Number of protein chains: 2
Amino acid sequence: MSPTPQERRAARHQLGTGSSAPAARRGPSGGRKKPITVDAIISTAFGIVEEEGYEALTMRRLATALETGPSSLYAHVVNKEDLDELLLGRLCAEIDLPEPDPAIWRQQIVGICTQLRDQYLRYPGISQAAFAAAPSNLDTLRVSEGMLAILLAGGIAPQTAAWAIDSLSLYVNAYSLEVSLANKRLSRSDDDWVVSRDELLRRFAALPDTFPQTKRYAAELTAGTVHDRFDFTIGLMIDGLGVAEIPREA
Amino acid sequence: MSPTPQERRAARHQLGTGSSAPAARRGPSGGRKKPITVDAIISTAFGIVEEEGYEALTMRRLATALETGPSSLYAHVVNKEDLDELLLGRLCAEIDLPEPDPAIWRQQIVGICTQLRDQYLRYPGISQAAFAAAPSNLDTLRVSEGMLAILLAGGIAPQTAAWAIDSLSLYVNAYSLEVSLANKRLSRSDDDWVVSRDELLRRFAALPDTFPQTKRYAAELTAGTVHDRFDFTIGLMIDGLGVAEIPREA
DNA sequence: TTCTGTCGTAGAACGGTGTTCGTGTCTACT
DNA sequence: AGTAGACACGAACACCGTTCTACGACAGAA
C-alpha cells in the first residue's frame with residue numbers, strides 16, 4: 001500500500017516508520033495532464049508564497065493553481081500544518097552548510113543565519129510557519145547539526161553552543177517575520193500610519209515631554225536599514241558567546 | 001460628536017487629533033444591562049485569551065461573551081487589528097518601568113524583559129499580535145522609552161542602545177510566541193510527535209550517523225527549561241552590549 | 001409635550017477559510 | 001474480463017472577519 005500522508009509525516013519525524021511499503025507508486029494519474037504529487041504541491045505552494053505572500057497560500061488557492069479542488073490536496077497532505085512543515089523542510093534543505101573551519105567560525109555562523117533570513121524573506125511570511133514547527137523535523141535538524149558542528153569547532157562549550165543555536169534560530173525567524181509583515185503593511189499602503197523615516201522622526205519630535213530620551217535620540221532610533229539591525233543583533237549574540245559563562249546546572 | 005473608533009486609533013498613534021470633540025458621551029445604553037464600552041471589550045477579550053488562548057479570540061466569540069452580535073463591536077473598534085493593538089497597549093501599560101539606576105542597569109533591563117515575557121505568556125499567543133503592531137503606538141513607545149533610559153544610564157552608546165531595544169523586544173516577542181505555541185501543541189495532546197524530553201533524547205539517539213554532533217550532545221541540546229534558555233539569550237545580548245562596536249555608519 | 005436627528009445595537013448576509021464525506025473514475029493486477 | 005483499490009473531486013459543514021441595513025432609544029429644539 002502506498003504510504004498515507006500520515007505515514008509520510010511520521011517518517012519525516014522519524015517515528016516508527018515500521019511497515020511502510022517500498023513506496024513504489026504505480027502511476028495512476030489517469031486522464032490528468034499532470035498527476036498531483038507532493039512535490040508538485042510543494043513547488044506550486046512556493047510559487048504562490050513567493051509571488052503573493054504566505055497569507056495568500058490557502059488550500060483553495062493552491063488547489064486552483066493545480067487546477068483541481070481543495071479536497072484533492074488532502075490525499076497527499078495531512079492538513080495545512082503538514083503543508084507548512086513540508087515547505088519549511090524544503091526550505092531548510094536548500095541551506096548550504098559549510099565544512100566547519102575553526103578560523104572563520106563566526107563568519108560561517110553568520111552565513112547560515114543570512115541564508116536562512118534570505119530564504120525566509122524570499123517567501124514572505126513563511127517564517128510564521130517556522131514558529132509552529134516541531135523541532136524533530138529531519139530537515140531542520142540538519143541545519144541545527146551544521147550550526148552545532150561549526151560552533152563546537154569554534155571552541156564554544158557544548159551547552160552554550162546548543163542554546164545559542166536556539167537563540168539564533170529564533171531570532172532569525174522573528175526578524176524575517178517582522179520584516180515580512182512590515183513589507184506587507186507597506187505594500188497595501190492605502191492604510192494610514194505606515195510611515196517613512198521622516199514621518200517617524202516628525203512624530204517622535206511631537207511627542208510629549210514624558211518621552212525625553214526618545215525625542216532626544218530619535219535619529220539613532222530610526223537609523224539604519226533593517227538589515228543593519230539584523231547584522232547588529234547576530235553580532236551581539238555571537239560576540240556574547242565568547243564571554244558567556246556556562247549555565248550553572250548540568 | 002463622539003470620536004469614532006478611527007479617530008481614537010489615530011489619536012493612539014498621535015496623528016492629527018485635530019477637531020476631536022471633548023468626547024463627553026451621553027449615556028445612550030438604553031435597555032442594556034451593561035453598555036458596551038471599549039474598556040469592557042478589552043477586559044472581556046483579555047479574559048478569553050487568558051482562558052482559551054489568542055486563537056480563540058474571534059470577533060464572534062468576543063461578541064458572544066458580551067451577549068451581543070459581532071457587528072456591535074465595530075462601533076467601538078475599527079477591526080480586529082485595532083483590537084489587537086488595544087490589547088497590546090493595555091498589556092504594555094501594565095509594565096512597571098523602574099527609575100534608571102546605573103549600578104544595576106543590567107538587572108533592570110532583564111526585569112523589563114521578564115515582565116514582558118510573563119505578560120505575553122499570561123495571555124498565550126498574544127505576542128503574535130505584537131509582531132504586526134506598528135511601532136508608533138504610545139503605550140509601546142512608553143516601554144521603549146523606559147528601556148532606552150536605562151541603557152543610556154548604563155553607559156551604552158545611544159546607537160547601540162537604540163538597536164539593542166529592538167533586538168531585545170523582538171526576541172521577547174518571539175520567545176513568548178514559541179512557548180505559547182508549544183504549550184498549545186502540548187495541551188491538545190491527541191496529536192502525536194509532541195514529545196517529552198526522554199522521547200526527544202531517544203529520537204536523537206536513533207538518528208543516522210549523518211548527525212554526529214546532535215547524537216553526541218543530545219543531552220546538552222535538550223537540557224534546561226525554556227526559561228533557562230530565555231535567561232541565557234537575554235544575558236547573551238546584554239553581555240554583548242558592553243563590547244559591541246558602534247556600527248560603522250552614522 | 002411632541003418631533004426630529006443621531007447614535008448605539010443587532011440580525012442577516014457576503015465572501016472567505018480549513019476540512020470531511022460520498023461518489024465517481026481510472027489503473028493495474030488476477 | 002473482471003475486480004480491487006487508489007486517486008480525484010463536487011458538495012457540504014462549521015467557522016472566520018466584515019458590512020449592510022433596519023430598529024430603537026435618547027438629547028435637544030419647537
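All figures in this text were calculated on a predicted structure; none of them were measured in a lab. Here is the naming used below: chain letters follow the sequence lines, and residue numbers restart at 1 for every chain.
- Across dT19(C), dT18(D), dT9(C), the shortest atom-to-atom separation from the side chain of H76(B) is found for dT9(C).
- In this structure, E55(B) places its CD atom 15 Å from P of dG18(C), rounding to the nearest Å.
- When only modelled atom types and interatomic distance are considered, Y171(A) and T233(A) share a side-chain donor-acceptor pair under 3.5 Å.
- For K80(B), whose side chain is taken as the heavy atoms from C-beta onward, the closest listed nucleotide among dG17(D), dT9(C), dA8(D) is dG17(D).
- In this structure, the nucleotide among dT9(C), dC9(D), dT19(C) sitting nearest to the side chain of S72(B) is dT9(C).
- Relative orientation of the F232(B) and W163(A) rings is perpendicular, given thresholds of 30° and 60° on the angle between their planes.
- Taking atom OH of residue Y74(A) and atom P of nucleotide dA11(D), one finds them 18 Å apart after rounding to whole Å.
- Here T58(A) lies in heavy-atom contact (under 4.0 Å) with sugar-phosphate atoms only.
- The interatomic distance linking L62(B) (CG) with dC16(D) (P) rounds to 11 Å, in whole Å.
- One interatomic measurement links the two molecules: CG of L57(A) to C1' of dT17(C), which rounds to 12 Å at whole-angstrom precision.
- The nearest whole Å value for the distance from the CG atom in D82(B) to the P atom in dT19(D) is 12 Å.
- Rounded to an integer number of Å, the gap from E52(B) CD to dC15(D) P is 13 Å.
- Residue R60(A) has its side chain nearest to dG18(C) when only dC9(D), dG18(C), dT9(C) are considered.
- Side-chain N/O atoms of R90(A) and S43(A) include a donor and acceptor closer than 3.5 Å.
- Ring planes of Y123(B) and F46(B): tilted class, angle from 30 to 60°.
- When every heavy atom of L83(A) is checked against every heavy atom of M59(A), the shortest pair comes out as CD2-SD, 4.2 Å.
- For S71(B) against dA10(C), a side-chain-to-base donor-acceptor contact under 3.5 Å is present.
- Atom C1' of nucleotide dG11(C) and atom CG of L66(B) are separated by 17 Å, given to the nearest angstrom.
- For the pair L73(B) CG and dC16(D) C1', the interatomic distance rounds to 14 Å; values are reported in whole Å.
- The T68(B) side chain lies nearest to dA10(C) when the options are dA10(C), dG8(C), dA8(D).
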